[in-house]
Amino acid sequence: MSDDIVFDRSFDLAPGTVDEVAPGVRRLLCDNPGPFTFRGTLTYIVGRRNVAIIDPGPDDDRHIAALTDAVRGETVSHIFVTHTHRDHSPAASKVKAATGAIILAEGAHRASRPLHVGEAGRLDAGGDQSFRPDRTLADGDLVEGDGWALEAITTPGHTANHMAFALKGTGTLFSGDHVMAWSTSIVAPPDGAMSDYMASLHKLEKRPETTYLPGHGGAVRDAPRFVRGFIRHRQGREASLRHRLEKGAADIPTLVRAVYIGLDPRLAGAAGLSVLAHLEDMAARGIVTTDGPPSIDGTYRLDESGRAPLAGG
Ligand SMILES: [Zn+2]
């Protein structure tokens with residue numbers, strides 16, 4: 001399995017404490033560690049005196065209290081949300097009530113594609129269904145505050161409504177869960193879509209920002225090169241799936257065992273969905289077939305023609 005990304009899992013911020021991670025950017029760690037959240041969700045505070053908050057975090061009263069403490073004596077004008085997973089957005093309404101700030105995001109939570117029978121429950125599990133922004137943002141929108149300006153960049157893939165935010169004039173980008181230093185991003189249908197995720201990686205790779213501040217874990221340095229590593233990593237996974245399917249039809253549990261070596265059992269479900277994300281993309285490109293729409297229970301085989309090019313090839 002080709003995997004040439006060097007992950008950086010060093011991270012030394014304690015929950016509830018604030019540090020200045022870049023000039024004019026503070027961060028606060030929520031105490032919600034786990035296999036998907038690493039050490040917890042990071043909330044960023046941009047600016048001084050008149051500030052913006054990025055990803056207020058889960059509906060966790062201790063975190064919300066620590067956040068309002070961190071900005072005591074300052075004015076919070078904007079709350080930006082990268083995406084509507086429950087570890088990022090639910091605190092927005094309470095922080096808005098406490099500060100009077102407006103909430104900005106791409107939009108409400110939604111699936112990346114129409115749901116198949118039986119999928120609704122899975123979408124509900126991680127999504128913040130009640131989230132509504134006060135102002136929706138489109139790709140390229142620039143929001144200017146007091147001493148800071150953030151450019152909204154649509155980066156669907158992890159979720160349909162995922163956005164990154166570039167802090168203008170600094171070479172820094174808030175990457176949410178799209179690009180993180182400690183792990184690859186979860187791309188799980190129907191929330192996520194692999195074709196969108198790959199397009200969003202290619203989009204960021206071409207941008208000038210070199211430091212990313214993600215929703216979990218430490219900063220991503222030399223970011224465009226790191227993004228290229230993620231592109232290669234997914235292309236490698238697709239090649240592994242294709243290699244296994246050359247030996248015959250397989251279901252998703254079989255494919256997970258074939259391509260994930262030494263998988264943390266807590267992540268088996270996510271790995272299955274990640275494989276489904278690849279298979280959806282490969283089916284759309286005519287590389288694999290299955291009966292009906294690609295589903296978690298399906299059996300997959302290489303398309304008869306089987307000669308479609310590899311992703312990016
Ligand atoms: Zn997420």
Side-chain angles (χ1 to χ4, degrees), residues 13-30 40-84 87-107 128 131-155 161-178 207-216 218-219:
L13 187 66
T17 58
V18 178
D19 73 351
E20 185 154 348
V21 64
V25 180
R26 286 165 282 169
R27 62 179 180 178
L28 170 68
L29 178 68
C30 181
T41 304
L42 285 168
T43 297
Y44 292 96
I45 303 164
V46 179
R48 283 282 169 197
R49 290 184 303 280
N50 292 298
V51 303
I53 286 171
I54 298 178
D55 281 357
D59 185 9
D60 174 319
D61 285 337
R62 273 199 305 163
H63 182 66
I64 293 166
L67 179 57
T68 47
D69 256 7
V71 295
R72 196 165 301 286
E74 300 180 286
T75 301
V76 182
S77 54
H78 301 75
I79 301 164
F80 292 85
V81 169
T82 60
H83 67 294
T84 46
D87 54 328
H88 291 262
S89 57
S93 53
K94 284 184 183 171
V95 175
K96 174 185 171 167
T99 62
I102 60 163
I103 300 170
L104 304 92
E106 194 267 355
D128 177 7
F131 177 84
R132 297 290 179 275
D134 297 310
R135 183 179 151 194
T136 57
L137 294 171
D139 191 43
D141 279 357
L142 191 68
V143 180
E144 292 182 83
D146 181 5
W148 54 263
L150 287 164
E151 179 190 352
I153 304 153
T154 50
T155 45
N161 64 3
H162 196 287
M163 277 194 151
F165 300 102
L167 184 57
K168 301 306 283 183
T170 67
T172 298
L173 177 140
F174 297 94
S175 55
D177 284 6
H178 179 54
R207 292 190 56 95
E209 292 84 14
T210 53
T211 299
Y212 293 177
L213 298 175
H216 307 273

Check whether any side-chain N or O of [X] sits under 3.5 Å from a backbone N or O of [Y] as a donor-acceptor pair, and report yes or no.
X    : Y    : result
S89  : V81  : no
S175 : Y212 : no
N161 : G107 : yes
H63  : P58  : no

N50 side chain to S77 side chain, donor-acceptor N/O pair below 3.5 angstrom: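 The criterion, which ignores hydrogens and geometry beyond distance, is not satisfied for S77 and N50.
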Assess whether side chain to side chain contact (heavy atoms under 4.5 Å, CB included) is satisfied between D55 and L42, documenting all intermediate values. CA-CA 7 Å; D55 281 357; L42 285 168; over 6 Å; no
With sequence neighbours excluded, tell me which residues meet side-chain hydrogen bond (donor to acceptor under 3.5 Å, both in side chains) with R48.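 Only E20 meet the side-chain hydrogen bond (donor to acceptor under 3.5 Å, both in side chains) criterion with R48.
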If every non-hydrogen atom of [X] is compared with every non-hydrogen atom of [Y], which pair is closest and at what distance?
X    : Y    : answer
C30  : D60  : SG-OD2, 3.8 Å
I79  : A92  : CD1-O, 3.8 Å
P56  : T43  : O-OG1, 3.3 Å
L173 : A164 : CD2-CB, 3.8 Å
A70  : R26  : O-NH1, 3.5 Å
L142 : A149 : CD1-CB, 4.2 Å

Which residues pass the ring-ring contact (aromatic ring centres under 6.0 Å, His included) test with F174, not counting sequence neighbours? Y44
For H216, which residues count as a ring-ring contact (aromatic ring centres under 6.0 Å, His included) partner, sequence neighbours excluded?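 Per chain and number, H216 pairs via ring-ring contact (aromatic ring centres under 6.0 Å, His included) with H88.
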Can you find a pair of side-chain heavy atoms, one from [X] and one from [Y], that are under 4.5 Å apart?
X    : Y    : result
T82  : H162 : yes
I45  : L67  : yes
D61  : D59  : yes
R27  : L213 : no
F131 : I103 : yes
K94  : T68  : no
L104 : P133 : no
R135 : L137 : yes

For E209, the salt bridge (Lys or Arg N to Asp or Glu O under 4.0 Å) test, sequence neighbours excluded, returns R207
Side chain to side chain contact (heavy atoms under 4.5 Å, CB included) against T17, all qualifying residues, sequence neighbours excluded: L13, A14
Report the C-alpha distance between V143 and F80 in whole Å, list the side-chain angles of each, state the deciding distance to 0.1 Å, and finish with yes or no for side chain to side chain contact (heavy atoms under 4.5 Å, CB included). CA-CA 10 Å; V143 180; F80 292 85; 3.7 Å; yes
Could you give all pairs that pass the salt bridge (Lys or Arg N to Asp or Glu O under 4.0 Å) test and reach residues 138-147, with sequence neighbours left out? D139-K203
In this structure, CG of D134 is separated from NE2 of H78 (nearest 0.5 Å) by 10.5 Å
